[in-house]
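Throughout, a chain's letter reflects where its sequence line sits, starting with A, and its residues are numbered from 1.
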Amino acid sequence: MSKQIQRVTGMQDVLPEDRRYWDAVIAAAERVAGRFGFQRMELPIIEAEELFSRGVGEGSDFFVQKEMYTLTEPDGSRITLRPEFTAGFMRAYIQNGMSNWTQPVKLYTIGPSFRRERPQAGRLRQHSQFNCEVLGEDDPAADVEVMMLAMSLYRELGYTGLTFQLNSTGCPVCKPVYIKALVAYLDGYREQLADIDKERLSKNPLRVLDSKEKGMDALLAGAPRIADHLCDDCREHFAEVRGLLDELDQTYTINFRLVRGIDYYTKTVFEVWQEGIGAQAALCGGGRYDGLAEDIGGPPTPGVGFGSGVERIVLGMKEQGIALPPAPPVPFYLAHFGGATKMAATQLAFRLRAAGIPARLAFSRRGRSLKSQMREADHLGARYVLIVGEDELTQGQVTARPLAGGEQTRVPAGELVAWARARLDE
RNA sequence: GCGGGUGUGGUGUAGGGGUUAACACGUCUGGUUGUGGCCCAGAAGAUCGUGGGUUCAAGUCCCACCACUCGCCCCA
């Protein structure tokens, strides 16, 4: 037991039963993204460490060292398992000269990313994410498009009762001014702050806004709000985003405590929340990052997007009691008695498969009772058991027994494929 | 990195110092010659997370470690 090799901490096996949820999520994501005119692409799972360490800016070195999977190559270069997608998209946009394409470029991808943190509900070290980005566009309509894409996905999957959290995080012009005002306010209450919040106050003041310490709700209710400190450009942008959402009848909650600590985030930030999937209620998080391209050594390029974890969407679906379409049944099960009948059954199974018809063949080295084969077929949920016995063999036939009930019939072996195809869409 | 909870067949549990570790579900086989589900009978499957300690005796008590889990930190 103890010597068995076990799953690495924070990794997950997704068993077939659960994987069906993934199918549903991924299929819906592709449908919706396609409908919105986004194209799928693949990004490498490994990128240069600098892509992430530079991209996240200073003041965030802590998690860069502690929470990324980074390896050193023999030549000394350092490579990292991607902890997010946005930086990779921006890198790809720049490197592939996408700024010369018709703008904006609308892309999405689905795949794994990695973070070395203590696992908890809906937060594993490897998780899969659906990620959409609009690159090369600063129109607030792009922000809204991305938001509506996320909401459309959840609606399509059958979600109800989600709350849409919206805020603006300002830009390099107005954000620093706001931070000053916030710090000035919080300084006045320094003695009331928990140790952790005092630390945040000096390291990354915006984070105090989403403090979970008790008493903070009341204290922060009186704090200065970013919305009152936005520069003209950001204020107009935010107003247009809200106006478009109103126009679309998309309800939202302005959440002045919704923040992004990283510098390259500008203007729009949003999350979609759902109760009951653990401490992390966010189904997706996104926003605008007009400063990112320059951070990673590219020309100024606006962008907006969001990421949504597949595992968390699945958790949420279960939480909401969203049912999946039933698993596809095994339509045909080939039973036999060994020897020549096994040869014939094998032959028929492959003939069915070659014709695109799913068929399951009974296995056994020494021959098995029909009973046990029937039982297996039943457990598999097979619709028909096709019995190939001595009798059938000599007459060039197959016995077709419907498991759901009904008469058992004989089918000439030569007509089996046509017969099976006809049963398939009953 | 920090804190809480939990570790007994595949799954869910019982057993709280006394020797063959129990039950349910699941799996497999059989219930006459070639027919599933229900029922019946039987079988396989657990060194009780690991290591140490206390004791004549340890799933049972003690310690440590590990894993899982929930949360904190952090959140790209």
Side-chain angles (χ1 to χ4, degrees), chain A residues 1-12 15 17 47 51-57 59-68 80-90 113-124 127 129 131 194-197 199-200 203-204 206-207 210-213 258-265 269 271 277-280 282 285-287 289 292 295 305-307 309 333 335-338 341 362 364 367-393 399-405 408:
Chain A
M1 210 53 168
S2 66
K3 279 190 176 169
Q4 274 184 33
I5 297 175
Q6 309 231 304
R7 212 186 303 124
V8 169
T9 297
M11 301 295 137
Q12 180 192 209
L15 305 185
E17 197 185 334
E47 297 271 9
L51 178 66
F52 305 113
S53 53
R54 260 195 224 153
V56 295
S60 332
D61 324 327
F62 178 74
F63 60 74
V64 171
Q65 297 161 13
K66 292 269 181 183
E67 302 190 347
M68 299 200 307
T80 296
L81 265 50
R82 64 182 175 200
E84 58 144 339
F85 291 80
T86 307
F89 269 115
M90 191 54 91
S113 72
F114 304 83
R115 304 175 175 192
R116 187 195 251 104
E117 354 169 72
R118 202 96 237 171
Q120 44 185 307
R123 278 188 106 177
L124 294 166
H127 69 108
Q129 204 172 94
N131 216 271
D195 288 347
I196 177 70
D197 284 325
E199 201 180 321
R200 283 196 267 236
K203 273 168 74 174
N204 197 348
L206 289 178
R207 292 245 72 94
D210 60 9
S211 170
K212 288 164 189 158
E213 299 300 316
L258 193 65
V259 294
R260 287 286 121 104
I262 316 293
D263 294 337
Y264 62 66
Y265 282 104
V269 294
E271 290 184 358
I277 53 175
Q280 276 66 45
Y289 43 87
L292 172 60
D295 277 359
F306 75 90
Y333 179 97
H336 58 80
F337 299 89
T341 63
S364 80
R368 268 158 92 177
S369 67
L370 219 212
K371 183 194 191 79
S372 104
Q373 296 181 65
M374 292 289 293
R375 209 176 277 180
E376 185 189 343
D378 184 59
H379 291 180
L380 290 167
R383 287 174 58 206
Y384 287 90
V385 175
L386 305 178
I387 304 169
V388 185
E390 300 292 350
D391 241 38
E392 287 83 351
L393 201 55
T399 295
R401 179 181 176 80
L403 289 187
Q408 164 170 322

Given [options], which nucleotide is nearest the side-chain atoms of [X]?
X: A:E84; options: B:C75, B:U35, B:A76; answer: B:A76
X: A:P83; options: B:C74, B:A67, B:A76; answer: B:A76
X: A:T399; options: B:A76, B:U35, B:C72; answer: B:U35

Figure out the [atom1]/[atom2] separation between [X] and [N], and round it to whole Å.
X: A:D195; N: B:C72; atom1: CG; atom2: P; value: 18 Å
X: A:K203; N: B:C75; atom1: NZ; atom2: C1'; value: 13 Å
X: A:E117; N: B:C74; atom1: CD; atom2: P; value: 12 Å
X: A:Y289; N: B:A76; atom1: OH; atom2: P; value: 14 Å

Suppose you measure atom [atom1] in [N] against the same atom in [M]; what distance do you get, rounded to whole Å?
N: B:G9; M: B:G15; atom1: P; result: 16 Å
N: B:C74; M: B:C2; atom1: C1'; result: 13 Å
N: B:A43; M: B:A22; atom1: P; result: 13 Å
N: B:C48; M: B:U20; atom1: C1'; result: 15 Å
N: B:C70; M: B:U54; atom1: P; result: 38 Å
N: B:G59; M: B:G16; atom1: C1'; result: 9 Å
N: B:A14; M: B:C23; atom1: P; result: 16 Å
N: B:A58; M: B:G53; atom1: P; result: 12 Å

- prompt: Does the pair A:R383 and A:L403 meet the rule for a side chain to side chain contact (heavy atoms under 4.5 Å, CB included), with working shown?
  reply: CA-CA 5 Å; A:R383 287 174 58 206; A:L403 289 187; over 6 Å; no
Tell whether [X] reaches the base of [N] with its side chain through a donor-acceptor pair below 3.5 angstrom.
X: A:R115; N: B:C75; value: no
X: A:E392; N: B:G34; value: yes
X: A:Q120; N: B:U69; value: no
X: A:R200; N: B:C74; value: no

Do side-chain atoms of [X] reach the backbone of [Y] as a donor and acceptor pair under 3.5 angstrom?
X: A:H336; Y: A:G389; value: no
X: A:R116; Y: A:M68; value: yes
X: A:S211; Y: A:E213; value: yes

Heavy-atom contacts, protein to nucleotides 36-45 of chain B, under 4.0 Å, summarised as B (base), S (sugar-phosphate only) or - (none) per nt, yield BB--------
Open item on the list: Evaluate A:N131 against A:F306 for side chain to side chain contact (heavy atoms under 4.5 Å, CB included), listing each step before the verdict.
Closed with: CA-CA 6 Å; A:N131 216 271; A:F306 75 90; over 6 Å; no
Q) Does A:K212 place a side-chain N or O at less than 4.0 Å from the phosphate oxygens OP1/OP2 of B:C73? A) yes
Please confirm whether the shortest side-chain N or O distance from A:R207 to OP1 or OP2 of B:C75 is below 4.0 Å.
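It does, given that an N or O in the side chain of A:R207 lies less than 4.0 Å from OP1 or OP2 of B:C75.
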By nearest-heavy-atom nucleotide on RNA chain B, the more 5' of A:E271 and A:V8 is A:V8
Tightest non-hydrogen contact, residues A:A377 and A:V385, listed as CB-CG2, 3.5 Å
Taking every heavy atom of A:A362 against every heavy atom of A:A335, the minimum-distance pair comes out as CB-CA, 4.4 Å
When pairs are called at under 3.5 Å and a stem needs at least three consecutive Watson-Crick or G-U pairs, the stems of RNA chain B are B:1-7 with B:66-72, B:10-13 with B:22-25, B:27-31 with B:39-43, B:49-53 with B:61-65
Just checking [X]: base, sugar-phosphate only, or nothing, at a heavy-atom cut-off of under 4.0 Å?
X: A:R383; answer: nothing
X: A:T9; answer: sugar-phosphate
X: A:E390; answer: base
X: A:Q12; answer: nothing
X: A:I196; answer: sugar-phosphate
X: A:R118; answer: base

Only counting residues at least two apart or in another chain, list the ones meeting side chain to side chain contact (heavy atoms under 4.5 Å, CB included) with [X].
X: A:S364; answer: A:R368
X: A:F337; answer: A:T341, A:L370, A:I387
X: A:D391; answer: A:Q395, A:R410

With sequence neighbours left out, what residues match A:E199 under salt bridge (charged side-chain N to carboxylate O under 4.0 Å, His left out)?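 So A:E199 forms a salt bridge (charged side-chain N to carboxylate O under 4.0 Å, His left out) with A:K203.
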Rounded to the nearest 0.5 Å, the CD atom of A:E47 sits from the CZ atom of A:R82 at a distance of 8.0 Å
Per the glycosidic torsion and the 90° limit around 0, nucleotide B:G17 is anti
Per the glycosidic torsion and the 90° limit around 0, nucleotide B:G59 is syn
